[in-house]
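Please read the structure below before turning to the comments.
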Amino acid sequence: MEKEREKRPNRWSKRVAITGASGALGSALREGLQRRGATVIGISRRPAPHHLDQPHWLVWNGQVDGALEALLLEVDILVINHGMNLLGRRDGAAIEEVLQANLMSAQALIALFLRQSRQLSEERRIGRELWVNTSEAEVGPAFSPIYEVSKRSLGTLLTLQSLDAPCTIRRLILGPFRSSLNPYGPMSAGFVAEQILNLVGWDLRLIIVSFNPLTYLLAPMANLMNGLYGRLCTRPKDGH
Ligand SMILES: NC(=O)c1ccc[n+]([C@@H]2O[C@H](COP(=O)([O-])OP(=O)(O)OC[C@H]3O[C@@H](n4cnc5c(N)ncnc54)[C@H](OP(=O)(O)O)[C@@H]3O)[C@@H](O)[C@H]2O)c1
């Protein structure tokens, strides 16, 4: 029995890069992934924690650059997790900042990861995964209109991109949890991270962690309808 278990490959023996790595969920996911045997590389605007060295941490400014491109070429899984929420604001600077962080920079990473995956050999491409943390705000109120627009747009575009994706895409739809982005969230980031990793273990593509039962109904419906709409009204570019 023990020998059988030893022979089975560990599904988590992968190189995983995660953005927003020093945030609440980013840190919890890093710990959970490491505990399961993954090699985790944090992508963050902050310097590496003192116990981590350069191969396990990349400092970025929210924009794609050469170092990030080189790193993403080498990883099996990219988790796009960074995000911001300027609660209570509606000025132009807030709109620009939130759309840039939650939508534009996430989109640049998605486009890069998909482009790289298409260019890799089939052997390397199999096993590549993109996880995108959109939020329950895709299908419900987050009491923050600009944040909702940014996350809904990210989700809508992700549905279109999933139609011709060369690798596995998983969407994280999370209910409120405590962090600097949401100090009032009732769940803990550690609990949410464990649920995410358990659901990924079951190979689910739509990962929902929420205490709101409506989310379990609305998110799959929205995903299905947006996918159908995308298939009807758009077509893949030649060669994709
Ligand atoms: N908390 C909730 O209730 C909730 C619910 C659903 C979904 N989410 C989503 O979960 C993700 C993680 O959020 P969290 O709750 O863990 O919040 P958090 O602790 O504030 O972590 C978010 C991290 O994103 C990075 N970040 C912030 N602004 C950025 C910018 N302008 N450019 C690039 N990176 C930036 C920062 O990480 P670095 O300093 O390491 O760069 C920050 O620590 C976000 O995408 C959020 O939208 C949160």
Side-chain angles (χ1 to χ4, degrees), residues 16-33 40-49 52 56-65 67-68 71 78-87 89 93-110 112 130-155 158 170-197 199 206-212 214-216 218-219:
V16 186
I18 175 163
T19 65
S22 65
L25 186 64
S27 305
L29 277 173
R30 279 195 295 123
E31 281 165 27
L33 283 160
V40 184
I41 302 113
I43 302 173
S44 175
R45 295 169 310 161
R46 296 187 201 195
L52 282 180
H56 295 105
W57 200 261
L58 181 85
V59 176
W60 77 326
N61 62 1
Q63 313 273 346
V64 170
D65 62 13
L68 190 63
L71 168 69
L78 169 63
V79 186
I80 299 180
N81 164 70
H82 67 283
M84 68 186 310
N85 184 7
L86 297 177
L87 269 168
R89 282 182 51 185
I95 293 174
E96 198 178 322
E97 221 178 310
V98 173
L99 290 184
Q100 176 56 41
N102 294 358
L103 179 60
M104 302 311 291
S105 87
Q107 266 300 313
L109 284 174
I110 293 171
L112 170 62
L130 178 62
W131 304 3
V132 184
N133 187 348
T134 63
S135 160
E136 190 173 61
E138 265 204 75
V139 291
F143 307 103
S144 182
I146 304 171
Y147 178 78
E148 286 167 20
V149 168
S150 69
K151 291 292 188 173
R152 281 174 197 169
S153 306
L154 179 63
L158 183 68
R170 303 188 198 277
R171 178 189 306 242
L172 313 184
I173 303 272
L174 310 177
F177 59 88
R178 271 181 311 289
S179 69
S180 56
L181 184 145
N182 178 3
Y184 313 108
M187 294 187 284
S188 75
F191 170 79
V192 172
E194 280 304 301
Q195 300 310 306
I196 292 171
L197 297 176
L199 294 172
L206 188 60
I207 310 276
I208 305 175
V209 183
S210 173
F211 55 80
N212 182 352
L214 269 182
T215 304
Y216 293 86
L218 295 178

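First listed ligand is number 1; within each ligand, the first listed atom is number 1.
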Is any side-chain heavy atom of [Y] closer than 4.5 Å to one of [X]?
X	Y	value
Ile146	Leu86	no
Val139	Leu214	no
Asp65	Gln63	no
Met187	Gln195	no

Using a 4.0 Å heavy-atom cut-off, say whether [X] meets ligand 1 through its side chain, its backbone, both or neither.
X	value
Met84	side chain
Lys151	side chain
Asn85	neither

Tell me, which protein residue and heavy-atom name are nearest [atom], and how many Å apart are they?
atom	result
atom 37 (O) of ligand 1	Gly20 CA, 3.3 Å
atom 9 (C) of ligand 1	Asn133 ND2, 3.5 Å
atom 5 (C) of ligand 1	Gly175 O, 3.5 Å
atom 22 (C) of ligand 1	Gly83 O, 3.5 Å
atom 4 (C) of ligand 1	Phe177 CE2, 3.2 Å
atom 18 (P) of ligand 1	Ser180 OG, 3.8 Å
atom 19 (O) of ligand 1	Ala24 N, 2.8 Å
atom 15 (O) of ligand 1	Ser179 OG, 2.6 Å

Side-chain donor/acceptor of [X] to backbone N/O of [Y], under 3.5 Å:
X	Y	result
Arg178	Ala189	no
Arg171	Asn133	no
Thr19	His82	yes
Arg30	Val40	no
Glu138	Lys151	no
Glu148	Ala137	no

Output yes when the distance from some N or O of ligand 1 to some N or O of [X] is under 3.5 Å, and no in every other case.
X	answer
Thr134	no
Ser135	no
Ile43	no
Leu25	yes
His82	yes
Gly26	no

Would you mind listing which atoms of ligand 1 come within a distance below 4.0 Å of any non-hydrogen atom of [X]?
X	answer
Leu174	5 (C), 6 (C)
Gly23	19 (O), 21 (O), 43 (O)
Ser44	38 (P), 39 (O), 40 (O), 41 (O)
Ala101	30 (C), 31 (N)
Ser22	37 (O), 38 (P), 39 (O), 40 (O)

Can a non-hydrogen atom of [X] be found less than 4.0 Å from any atom of ligand 1?
X	result
Ala21	yes
Ser105	no
Ala142	no

Using a 6.0 Å cut-off, check whether atom CE of Met104 has over 12 heavy atoms from anything other than its own residue.
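12 or below, so no.
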For atom 11 (C) of ligand 1, which candidate among Asn81, Asn61, Leu86 holds the nearest heavy atom?
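Among Asn81, Asn61, Leu86, the closest heavy atom to atom 11 (C) of ligand 1 comes from Asn81.
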Which heavy atom of Ala21 sits nearest to which heavy atom of Gly42, and what is that distance?
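Scanning both residues, the minimum pair turns out to be CB-CA, 3.5 Å.
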